[in-house]
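Atoms considered below: every heavy atom in the structure, side chains included; atoms not considered: hydrogens, waters and symmetry mates.
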Amino acid sequence: MEHDKPLQEQQTAAPDQTVLTRPYAEISAKLHLLLHTGQLLMESGADSDRTVRDMMRVAAYMGIPEDRVHQHVMYTTLMLNINDETHSYTEFRKCKKHGINMTALSAVSKLTWRALAKNYTLEEFEQQLMAIKNRPRNYPFWLTALGAGAACGGFCKLFGGSWLDFFLTALCAFLGFYVKRLCTSYGFNIYAVIAITSFVTTMLAWSTQFLTGTMNWYPLIACTLFLVPGIPLINAVDDLLNNFIVSGMTRAMNTLLVVGSMTFGIVIAIRLGNVADFTSVSLQPDTIYFSQAVAAAISSMGFSIIFNIPRRLLPVVAVGGIITVLLRNICVMQFGLSQAAGSFLGAAVVGLIALKAIHWFHTPNIILTIPSAIPMIPGVLLYRLLFAILNIQTITLAMLLDGLRSGILAIIIIIGIAIGVAIPNIFIHRYIEHNKQRTVEDLLARRYTSE
């Protein structure tokens with residue numbers, strides 16, 4: 001059958017100008033490219049809603065009617081079905097690895113619009129998609145490790161540490177990032193990599209007492225936060241809010257396993273170092289203005305480097321980080337709002353600003369909003385919950401309840417951040433999608449009238 005032929009053979013089987021106007025011409029190649037697009041998005045850190053939207057745009061470019069495309073998106077598997085009156089074509093694709101590559105997310109989004117506007121052949125679309133997949137990261141590894149160190153140092157300063165604590169934290173996280181790479185290169189299980197990295201990084205932070213003559217509590221707290229799965233946390237909530245229940249629950253479970261692995265490594269380290277439970281250290285910042293703004297900018301840019309956002313957007317994300325953190329601090333410390341409410345307002349303001357900024361900087365809003373909101377992720381509160389669970393046989397009832405309260409507060413804050421950055425999608429989703437759909441229809445109309 002024609003749809004079973006390789007892509008290059010199929011390209012010769014039908015003229016280029018008719019493939020995009022005949023929905024089921026070269027259907028096997030179209031299925032392959034649709035799933036390849038979805039896989040690249042999922043493996044680069046896209047939430048399920050974005051994956052579905054971009055795949056539907058690709059289907060529109062291929063001339064396939066929207067009502068003939070049926071998708072089932074899970075965290076590890078994509079299923080796609082396309083049917084006509086007499087045939088049904090179904091294909092699965094596994095998503096084997098998950099990371100964060102925001103340059104890829106932006107590039108895929110632009111490719112879908114460009115393909116519609118320029119009527120790419122399937123072969124041209126595949127070539128550009130593969131170019132995105134194989135594109136080297138924007139930052140060399142040493143700079144990414146430096147970004148991880150700066151991100152954790154920024155967290156340390158946000159928690160109220162000194163600038164000396166900032167540099168000690170950055171150094172430990174920088175070295176820990178190299179440990180993570182070494183473990184990964186040996187093919188260790190991902191959760192073992194997280195546990196080993198958190199153990200070694202915490203031991204490095206513990207050993208800084210021999211340089212300063214005293215225990216450095218804030219580096220102990222912040223040095224492993226580059227491992228906290230902030231984007232998977234936000235994506236999990238986003239999926240659940242958008243009714244992708246299975247995918248959202250899977251993301252949430254994966255996040256819990258990562259944080260649990262981190263906690264396991266940290267607990268082993270502090271037991272070997274005979275360190276008291278450091279999660280009770282006060283996290284009150286020293287000021288709410290200048291130093292917090294600098295720390296927020298550094299942390300946002302550090303995580304942005306880890307997330308591989310385009311270099312030109314680093315200053316933009318730094319400003320976004322400053323806005324979110326300062327708004328949260330002002331709401332909490334000046335107006336007495338809860339941390340969850342302050343975090344929600346900070347994320348919501350950036351989410352609304354991003355509605356305009358995406359047109360200024362020609363990038364999807366996720367590239368601007370999530371790195372800006374990441375410094376508000378309550379990683380230490382999750383630590384406190386897991387420490388309470390791990391030490392349940394030795395702690396008092398009051399300490400256990402305090403750990404549970406910290407965990408519940410962390411979940412509420414994460415939900416607040418996720419809802420805040422998703423404000424445009426929640427309240428004006430139909431308006432945004434209507435405008436995009438009208439653009440798609442206009443581009444398709446030009447295609448058919450030009451023939």
Hey, do the aromatic rings of Y218 and F166 have their centres closer than 6.0 Å? no
With a 4.5 Å cut-off on side-chain heavy atoms, are L158 and P375 touching? yes
With side chain to side chain contact (heavy atoms under 4.5 Å, CB included) as the test, would you mind laying out the steps for T201 and L175 before giving the verdict? CA-CA 7 Å; T201 309; L175 296 174; over 6 Å; no
Is there side-chain contact between L105 and L41, with heavy atoms separated by less than 4.5 Å? yes
What distance separates L240 CG from D47 CG, expressed to the nearest 0.5 Å? 11.5 Å
Has the side chain of N216 got a donor or acceptor atom that lies under 3.5 Å from a matching backbone atom of P219? no
Do the side chains of I268 and F264 get nearer than 4.5 Å, heavy atoms only? yes
On a heavy-atom basis, which atom in C183 and which in I196 lie closest, and how many Å separate them? SG-CG2, 3.7 Å
With a 4.5 Å cut-off on side-chain heavy atoms, are K30 and L122 touching? yes
In terms of heavy-atom contacts, I417 and S343 come closest through CG1-CB, 3.9 Å
Do other residues, nucleotides or ligands put more than 12 heavy atoms under 6.0 Å from the CH2 atom of W163? yes
Measure across G321 and S300 and return the closest heavy-atom pair with its distance rounded to 0.1 Å. CA-OG, 3.2 Å
Tell me, yes or no, whether the heavy-atom count around F335 atom CZ, taken from other residues, nucleotides or ligands under 6.0 Å, exceeds 12. no
Can any side-chain N or O of Q292 pair as donor or acceptor with the backbone N or O of K157 at less than 3.5 Å? yes
Any luck finding a side-chain donor-acceptor pair between S48 and D239 under 3.5 Å? yes
Quick one: does L168's side chain get under 4.5 Å of T212's, heavy atoms only? yes
Determine whether more than 12 heavy atoms belonging to other residues, nucleotides or ligands lie under 6.0 Å from atom CE of M249. no
S299 side chain vs A295 backbone, donor-acceptor pair below 3.5 Å: no
Please check: side-chain N/O of S198 versus main-chain N/O of A195, any donor-acceptor pairing under 3.5 Å? yes
Hey, mind stepping through R135 and N101 against side chain to side chain contact (heavy atoms under 4.5 Å, CB included) and telling me if it holds? CA-CA 11 Å; R135 181 183 300 172; N101 188 343; over 6 Å; no
What's the verdict on side chain to side chain contact (heavy atoms under 4.5 Å, CB included) for V58 and M55, showing C-alpha distance, side-chain angles and the deciding distance? CA-CA 5 Å; V58 174; M55 288 179 68; 5.5 Å; no
Note: C95 and M42 closest approach over all heavy atoms is SG-CB, 3.8 Å
Criterion side chain to side chain contact (heavy atoms under 4.5 Å, CB included) on I411 and I415, from CA distance to verdict: CA-CA 6 Å; I411 293 171; I415 292 173; 3.9 Å; yes
With rounding to the nearest 0.5 Å, note down the distance linking NE2 in H70 to CD1 in I82. 9.0 Å
Quick one: sort the F159 and F155 rings into parallel, tilted or perpendicular, breaks at 30° and 60°. tilted
Are L80 and E91 close enough that some pair of their side-chain heavy atoms sits under 4.5 Å apart? no
For a quick test of reading the model, state the closest non-hydrogen atom pair linking A354 to N365 and the distance between them. CB-CB, 4.2 Å
Quick check against the 3.5 Å criterion: does R312 have a side-chain atom that pairs as donor or acceptor with the backbone of F361? yes
To the closest 0.5 Å, what do you measure between NZ (K118) and OH (Y61)? 12.5 Å
Sub-3.5 Å donor-acceptor pair from the side chain of S109 to the main-chain atoms of S106, do we have one? no
All heavy atoms of L345 vs all of C331, minimum pair found to be CD1-SG, 3.7 Å
CD1/I413 to OG/S338 distance, rounded to the nearest 0.5 angstrom? 8.0 Å
From L34 CG over to M56 CE, what is the distance, rounded to the nearest 0.5 angstrom? 9.0 Å
Nearest 0.5 Å, please: how far is CG in D238 from CD1 in I366? 8.0 Å
pair L272-W206: side-chain heavy atoms closer than 4.5 Å: no
Counting N and O atoms only, with roles assigned by atom type, does the side chain of N235 sit under 3.5 Å from a partner on the main chain of G45, one being a donor and the other an acceptor? yes
Which class fits the ring pair F141 and Y178: parallel under 30°, tilted 30 to 60°, perpendicular over 60°? perpendicular
Quick one: does L204's side chain get under 4.5 Å of V179's, heavy atoms only? no
Indicate yes or no for a side-chain donor-acceptor contact from N134 to the backbone of M130 under 3.5 Å, with no hydrogens or angles considered. yes
For residues 223-254, the ring pair (Phe, Tyr, Trp, His ring centres under 6.0 Å) pairs (sequence neighbours left out) are F177-F226
I309 backbone acceptor or donor facing Y139 side chain under 3.5 Å: yes
For I305, is there any backbone N or O sitting under 3.5 Å from a side-chain donor or acceptor partner on R311? no
